[in-house]
> 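Got a structure for you, written out below as structure tokens; questions coming shortly.
Residue numbers start from 1 in every chain, and the chains themselves are labelled A, B, ... in the order their sequence lines are given, proteins ahead of strands.
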Amino acid sequence: MADLTPMDAAAEAIAALPGQFIGRPHIEALWRAMASPVTDLEAVLQWLQTAFTLDAGTGKQLDAIGQIVGQPRAGGPYPVGEADADYLRKLRAAALRNRSMGSAADLIAMVRALLSTKIIGVQVSDYPPAGFKLSAYVSSALTTAEAAALVEFCVSAKAAGVGILGLAWYTAPVFGFVPSTDPPVEGYGDGNPLHPGGSWANYIYP
Amino acid sequence: MPGPTYGASGLQIQTATEIQADLAAYLQAQFGVSLQALNGNAVIGQLVSAWAQVLVAHQEGIDGIYQAQHLDGAAGVNLDRLVQLLGITRNAATKTVVTVTLTNSDAVPHTAPLGAVVQHLPTGQLFGVTVATTVGALGTATVQVQAAATGPIDVTAGTSANWAWLSSFAGSTFLAVSNPAAGSAGTAEESDPDLRVRAAASAHLPGKGTVGAIRATIADLDGVTYCQVFENVSDFIGITSPVVIAGLPAHAFVAVAVAPDTAAERQAIAGVIFAQKPAGIDTYGNKTETIVDSQGYSHAVKFELATASTIFVAVQVVGVSTAFDTAIKDAIIGYIGGTQSTGVTVAGRGVGGTIVADALESMIFFATLSGGQSSCTGIAGLAFDTAGPPPINVANLTLPWNRYPITSGANIAVTH
């Protein structure tokens, strides 16, 4: 099925007139007036084509998507609850959460979607038996709502019976023995080039 | 801007009057001052009116498409299509099945042929023999008969006085039919509200091993009307939140289902639990089934089949005629759970559900709506309890984690 393309209903209606009416100003004017509401409906159909998509949906349409993916808007339906931008991140994360098999890869992908505007890296460490810790490295502090969502989503996406022994977020950079960009870790050899040895050297030789 | 409005606040279609106003504005834009003359023209006026009606129909059609995208707005076949996005379909109606005993009073064998029709006299319903069954001379045999109609039929245990052959075959005068045990009642087609509830619980269906995925997969099985999963993520036995389950082992979960306690159903539930559960995580419950894995090894899979708790309700309404009694009872059943007078089975509060007195009162007021106004002017008394009749409790009632509430018209007393 072809996509809807914008049409000028009035022009098409006039073009479809029998020849003897073309060029008659009153007839054409009448036809143009009558066809204008069709252009209005065309605009609605154009909007409807993408209204229920994550890329173009807003407000109540996002609420409808939330019903399907099982993620109601926090604080109540539009326009009462959370802002579209925040809700949209949750909807994208919910789609991944719903498909989760509880693996570290699933959790990492979901947390990245949930905190997409701040996320720098995600680390999942196993703690047998049946436990793990998750650390999110973010560019700026999480809000209370973001932190709450992180907990809620991780609890839903992990495997049943498996315990979350730690769920934390850190604002980068973090010091470690080995430098890394994901998660961002400053090691012995990074940091200020004036002090070979990086952050650790800076600390010892300020 | 003329036309329907749309955007973040949704779609608002126009009335015929609003569309006519739009058309008048468009005509004015085209004809300017001569619009007054046009308005006086009967032909143009009729044209505008007729065209407005066409546009109203189109806008209503577009609104129907818009509403069909909403889980709470779509109904019927549109809801069927929407829930396909979640990987589920509406549960079809099932037929009542009864295991009957055929007793042959003749000195030679007789056969009840496949499809032979027998009538259950107390209900008037017709049943058909599912397997051709031969009964030896002066002997007995059992066979299942299935109702011709779908939906629940209440067949209690009964003697041969309750059954009569409608089909005429060689042994029909010698084979007496009786049913020592009650039948397994069929179900009506899943209603829109129930399908919406199940759809809401099915969002996790594509997943695997998570609490949500386990719950969604079990809930999607035929025969399962409700499912809840509780887990213990600690290294210690027992949980106290969100419910108290003292025996739930460490790093284990229990799936609580409302489903028929048949061998096939138990195997089906255990099968999806085994397919879903993470390796090394234990299961728990009052039922244990053996599942053989792809390597031929057996595994004991446990789960809990919830037990029904009959709820007795007594309500005294004020200002309502007895004509509303059935509607009131159906509303109460709709809230608590059970089969309404229309044959629709409703899941209600579910496992471990809480029956809230205020909510129950609201259902009663809604049930007595007439002309947009409730004819019920007050509720003089409302009690509901697992004990009774009569029930004594008037406070909110929460059931244990492995019990679910159910009631029926016979257990609800409406007084005036």
Side-chain angles (χ1 to χ4, degrees), chain A residues 10 25-26 28-45 47-48 51-52 57-72 78-79 84 94-103 106 128-131 155-165, chain B residues 1-4 6-11 19 22-23 26-31 44 47-48 51-52 55 58-59 62 65-66 69-73 82 85-86 199-214 229 231-235 250-253 276-278 280-282:
Chain A
H26 281 95
E28 286 195 3
L30 177 63
W31 221 231
R32 191 169 287 114
M34 297 303 235
S36 293
V38 177
T39 303
D40 296 337
L41 292 186
E42 171 77 6
V44 176
L45 289 171
W47 168 76
L48 200 52
F52 292 93
T58 58
K60 287 191 171 180
Q61 288 67 245
L62 290 183
D63 287 349
I65 295 172
Q67 285 183 331
I68 294 169
V69 300
Q71 187 63 42
Y78 180 88
D84 273 1
L96 294 171
R97 174 200 63 197
N98 293 349
R99 302 189 64 82
S100 173
M101 298 185 185
S103 70
D106 287 341
V155 167
S156 298
K158 70 170 187 62
V162 171
I164 302 177
L165 303 180
Chain B
M1 182 183 157
Y6 54 91
S9 295
L11 172 67
I19 292 173
D22 275 2
L23 280 168
Y26 283 128
L27 286 165
Q28 187 162 26
Q30 294 295 326
F31 292 97
I44 295 293
L47 198 58
V48 166
W51 186 222
L55 292 169
H58 278 77
Q59 290 201 19
I62 290 173
I65 296 171
Y66 178 82
Q69 310 306 312
H70 295 73
L71 209 48
D72 58 1
L82 195 57
L85 295 175
L86 293 161
S202 299
H204 291 259
L205 204 54
K208 207 160 194 177
T210 65
V211 165
I214 295 167
V229 175
E231 63 175 341
N232 181 1
V233 299
S234 76
D235 296 333
H251 296 294
F253 67 87
Q276 282 278 340
K277 91 175 189 69
I281 298 298
D282 203 1

> Go through the atoms of A:Leu96 and report whether side chain, backbone, both or neither lie under 4.5 Å from a heavy atom of chain B.
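For A:Leu96, there is no contact with chain B at all, as no heavy atom is under 4.5 Å.
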
> What option among A:Ser103, A:Ala94, A:Ser36, A:Pro25 has the most heavy-atom pairs under 4.5 Å with chain B?
A:Ser36

> What residue in B:Gln276, B:His204, B:His58 has the most heavy-atom pairs under 4.5 Å with chain A?
B:His204

> What are the two closest heavy atoms between B:Ile214 and A:Ala160, and how far apart are they?
CD1-CB, 3.7 Å

> Which atoms of A:Leu48 are under 4.5 Å from chain B, going by heavy atoms: the side chain, the backbone, both sets, or neither?
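Just its side chain gets close to chain B.
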
> Give a yes or no answer on whether the side chain of B:Gln30 reaches the backbone of A:Leu30 with a donor-acceptor pair at less than 3.5 Å.
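No: the side chain of B:Gln30 does not pair with the backbone of A:Leu30.
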
> I would like to know whether A:Val44 and B:Gln59 meet side-chain contact (heavy atoms from CB on, under 4.5 Å); could you show each step before the answer?
CA-CA 9 Å; A:Val44 176; B:Gln59 290 201 19; over 6 Å; no

> Output yes when a side-chain donor or acceptor of A:Trp47 lies under 3.5 Å from a complementary backbone atom of B:Tyr6, and no otherwise.
no

> Distance check, rounded to the nearest 0.5 Å: A:Arg99 atom CZ versus B:Lys208 atom NZ?
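A:Arg99 atom CZ to B:Lys208 atom NZ measures 11.5 Å (nearest 0.5 Å).
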
> Any donor-acceptor pair under 3.5 Å linking the side chain of A:Gln61 with the backbone of B:Gly7?
yes

> With side chains defined as the heavy atoms from C-beta onward, is the minimum distance between A:Lys158 and B:Glu231 less than 4.5 Å?
yes

> With only heavy atoms counted, which part of A:Ala51 is less than 4.5 Å from chain B, the side chain, the backbone, both or neither?
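For A:Ala51, no heavy atom lies under 4.5 Å from chain B.
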
> Please enumerate all residues that pass side chain to side chain contact (heavy atoms under 4.5 Å, CB included) together with A:Leu165, with sequence neighbours excluded.
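By the side chain to side chain contact (heavy atoms under 4.5 Å, CB included) rule, A:Leu165 matches A:Tyr127, A:Lys133.
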
> Identify the two heavy atoms, one from A:Ala33 and one from B:Leu23, that lie closest to each other, and give their separation to 0.1 Å.
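Residues A:Ala33 and B:Leu23, closest heavy atoms: O-CD2, 4.0 Å.
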
> Kindly compute the distance separating CG (A:Leu45) from CD1 (B:Ile65), expressed to the nearest 0.5 Å.
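A:Leu45 CG to B:Ile65 CD1: 6.5 Å, rounded to 0.5 Å.
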
> Please rank B:Val229, B:Leu82, B:Ile19, B:Ile62 by heavy-atom pairs under 4.5 Å with chain A and give me the top one.
B:Ile62

> In terms of heavy-atom proximity below 4.5 Å to chain A, should B:Ala252 be classed as side chain, backbone, both, or neither?
backbone

> Kindly give the heavy-atom pair with the smallest separation between A:Ile68 and B:Leu86, and that separation in Å.
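So the two residues come closest at O-CD2, 3.0 Å.
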
> In terms of heavy-atom proximity below 4.5 Å to chain A, should B:Asp282 be classed as side chain, backbone, both, or neither?
neither

> Which atom names give the shortest non-hydrogen contact between A:Gly102 and B:Thr210, and what distance separates them?
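Heavy atoms only, the tightest pair is N-CG2, 4.3 Å.
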
> What part of A:Pro79 gets within 4.5 angstrom of chain B, counting heavy atoms only: side chain, backbone, both, or neither?
neither

> Can you say whether B:Leu71 sits under 4.5 Å from chain A via the side chain, the backbone, both, or neither, judging by heavy atoms?
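For B:Leu71, the contact with chain A is made by backbone and side chain together.
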
> Verify, without hydrogens or angle tests, whether B:His251 (side chain) and A:Gly161 (backbone) share a donor-acceptor contact under 3.5 angstrom.
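Looks like yes, one N/O pair under 3.5 Å.
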
> Are any non-hydrogen side-chain atoms of B:Trp51 and A:Val38 less than 4.5 angstrom apart?
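B:Trp51 vs A:Val38: side chains touch.
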
> In terms of ring plane angle, is the pair A:His26 and B:Phe31 parallel, tilted or perpendicular, where the classes change at 30° and 60°?
parallel

> Looking at every heavy atom in both A:Thr58 and B:Ala8, which two are closest together, and how far apart are they?
OG1-CA, 3.5 Å

> Considering only heavy atoms, which portion of B:Phe253 lies under 4.5 Å from any heavy atom of chain A: side chain, backbone, both, or neither?
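The answer is the side chain of B:Phe253.
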
> Could you tell me which non-hydrogen atom of A:Ala64 sits nearest to which non-hydrogen atom of B:His70, and how far apart they are?
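So the minimum-distance heavy-atom pair works out to CB-CD2, 3.4 Å.
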
> Who pairs with A:Ala95 by side chain to side chain contact (heavy atoms under 4.5 Å, CB included), at least two apart in sequence or on another chain?
none

> Quick one: what part of A:Val69 sits under 4.5 Å from any heavy atom of chain B, side chain, backbone, both or neither?
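Backbone only.
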
> Apply side-chain contact (heavy atoms from CB on, under 4.5 Å) to residues B:Val233 and A:Val162 and explain how you reach the verdict.
CA-CA 5 Å; B:Val233 299; A:Val162 171; over 6 Å; no

> Does NZ in A:Lys60 sit with more than 12 non-hydrogen atoms of other residues, nucleotides or ligands closer than 6.0 Å?
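No.
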
